[in-house]
Amino acid sequence: MTHVAPAGGTAVQDHVALAEIELCGELIIAASAAEERLSLESIDEVLRVAEERGED
């Protein structure tokens, strides 16, 4: 049996999931633009890890 979400704007937004999807997209873009494999430091930079820790 297939369940379909009801029409009419009743979709639930999971803000954490949306943020994770956005970060994954940014990683994909960075990886596709890089000539070599991304370093851990580059990944942290793309994900703004230092900003989250307050290490600016």
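Bear in mind that the values here come from a model prediction, so they are computed numbers and not experimental data. Side-chain atoms are counted along with the backbone in the values below, which use heavy atoms only and exclude waters and symmetry mates.
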Reported CD-to-CG distance for the pair E45 and L38, which is rounded to 0.5 angstrom: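 Rounded to the nearest 0.5 Å, the CD-CG separation comes out at 10.0 Å.
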Side-chain donor-acceptor contacts of residues 21-31 below 3.5 Å, not counting sequence neighbours, with atom names and distances?
{"unit_1": "E26", "atom_1": "OE1", "unit_2": "R48", "atom_2": "NH1", "d": "2.9"}

Residue list, side-chain contact (heavy atoms from CB on, under 4.5 Å) with S39, at least two apart or on another chain: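 Applying side-chain contact (heavy atoms from CB on, under 4.5 Å) to S39 gives E41, S42.
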